[in-house]
Amino acid sequence: FPGGTLALGVDGNHLFKYERGAVITKDGFQIAPALDRAGQLELLSAFYSYPNWRGNAFANYSFGAQNLRVDFRYVGSMHDRNHDLDPGTAVVPAKVDAYEQFDLTYRLTVFDNTTFTAAGQNDLDKEASFAYSQYNYDYTTANPLGRAYASGVKVRVVPSIASPRR
């Protein structure tokens, strides 16, 4: 790439099914039927969140002592087992919308031992999707903070090797 190096990456997965067997007591009484948890979440008692789709992608461009990286994170929509859209039927679960987040990080290295970093998380200020939970969002997959910034300085100190005293 002209003047630097471009690295691209992507990873993701699709959860086809996540079957849980029936919950049965020691005495043989069924407490809950078998359930396919793929594409569903339940954050009030069972504490799980299994989106069908999730993925990450990044683009990293380094040029000399500078580095610029963009990250994208995606979590697919899910059915919320904590709440039914029609409580009278208890059949249609509420939907938790998909969640996307972009992050941007800039790094500058000087003197071979000092690195300055500036980062923005959730740069598009995407709100976490509403879910019926203690915090009103899916705390296992989403970011509730909105846009956040961070900066830092890292100095690597290498001790000198002194000659032994006589």
Side-chain angles (χ1 to χ4, degrees), residues 1 4-62 66-107 115 117-152 154:
F1 207 77
T5 303
L6 178 65
L8 303 172
V10 64
D11 71 80
N13 69 318
H14 178 72
L15 183 62
F16 291 97
K17 66 171 108 164
Y18 192 102
E19 294 180 349
R20 185 213 66 202
V23 179
I24 300 174
T25 66
K26 183 167 80 168
D27 299 324
F29 296 105
Q30 181 173 314
I31 298 173
L35 172 66
D36 181 4
R37 291 181 171 178
Q40 300 186 33
L41 64 80
E42 206 284 58
L43 298 172
L44 293 178
S45 63
F47 309 110
Y48 67 83
S49 179
Y50 299 118
N52 286 112
W53 290 99
R54 66 188 313 159
N56 300 292
F58 74 89
N60 191 80
Y61 184 60
S62 59
Q66 301 180 74
N67 191 77
L68 182 64
R69 180 180 175 109
V70 177
D71 289 284
F72 172 72
R73 185 165 62 100
Y74 174 80
V75 177
S77 63
M78 293 172 276
H79 295 289
D80 190 339
R81 296 187 54 81
N82 294 317
H83 185 77
D84 295 320
L85 289 179
D86 181 0
T89 62
V91 172
V92 182
K95 181 180 174 188
V96 176
D97 292 331
Y99 179 75
E100 304 93 17
Q101 178 175 318
F102 281 95
D103 300 333
L104 183 65
T105 305
Y106 172 76
R107 208 173 65 212
T115 303
T117 304
Q121 294 180 333
N122 195 5
D123 291 319
L124 299 180
D125 202 18
K126 172 83 173 173
E127 286 188 21
S129 301
F130 178 81
Y132 293 90
S133 74
Q134 297 90 330
Y135 306 107
N136 292 329
Y137 74 97
D138 180 1
Y139 49 82
T140 65
T141 61
N143 177 357
L145 297 178
R147 186 179 302 123
Y149 299 104
S151 63
K154 177 181 174 182

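Applying the salt bridge (Lys or Arg N to Asp or Glu O under 4.0 Å) definition to pairs two or more places apart or across chains, none involves residues 127-140. For residues 21-42, the side-chain hydrogen bond (donor to acceptor under 3.5 Å, both in side chains) pairs, not counting sequence neighbours, are Q40-R81, E42-S45.
Considering every non-hydrogen atom in both G4 and Y61, the closest pair reads N-OH, 3.6 Å. Annotation for Y137 and A142: closest pair CE1-O, 3.9 Å, computed over non-hydrogen atoms. Minimum heavy-atom separation, Y99 to A128: CE1-CA, 3.8 Å. When all heavy atoms of P51 and L15 are compared, the pair lying nearest together is O-CB, 3.7 Å. In terms of heavy-atom proximity, G39 sits nearest to N52 at CA-OD1, 3.1 Å. Heavy-atom minimum distance, D125 versus G146: OD1-CA, 3.4 Å.
One finds the CG atom of D71 at 8.0 Å from the CZ atom of F58 (value rounded to the nearest 0.5 Å). Taking CG from L41 and OH from Y132, the interatomic distance works out to 11.5 Å, rounded to the nearest 0.5 Å. Taken from CG in D97 to CG in D80, the straight-line distance is 11.0 Å, to the nearest 0.5 Å. In this structure, CE in M78 is found 4.5 Å from OG1 in T141, a value given to the nearest 0.5 Å. Interatomic distance, CG of L104 versus OH of Y149, reported as 10.0 Å (0.5 Å rounding).
Side-chain atoms of S129 come within 3.5 Å of backbone N or O of A98 as a donor-acceptor pair. Panel note: side chain D103, backbone N122; a donor-acceptor pair is recorded below 3.5 Å. Under a 3.5 Å cut-off, the side chain of Y139 and the backbone N or O of L43 do form a donor-acceptor pair.
For Y18 and F16, the ring centers sit 6.0 Å or farther from each other.
Annotation: side chain of P144 is not in contact with side chain of Y135 (no heavy-atom distance under 4.5 Å).
Just one of Q121, R73, K126 meets the side chain to side chain donor-acceptor pair (under 3.5 Å) condition when paired with Q101; it is R73.
A side-chain donor-acceptor contact under 3.5 Å links N60 and N67.
The aromatic rings of Y50 and Y48 sit parallel to each other, their planes meeting at less than 30°, with 60° as the upper class boundary.
For R107, the CZ atom sits in a loose shell: 12 or fewer heavy atoms of surrounding residues, nucleotides or ligands are nearer than 6.0 Å.
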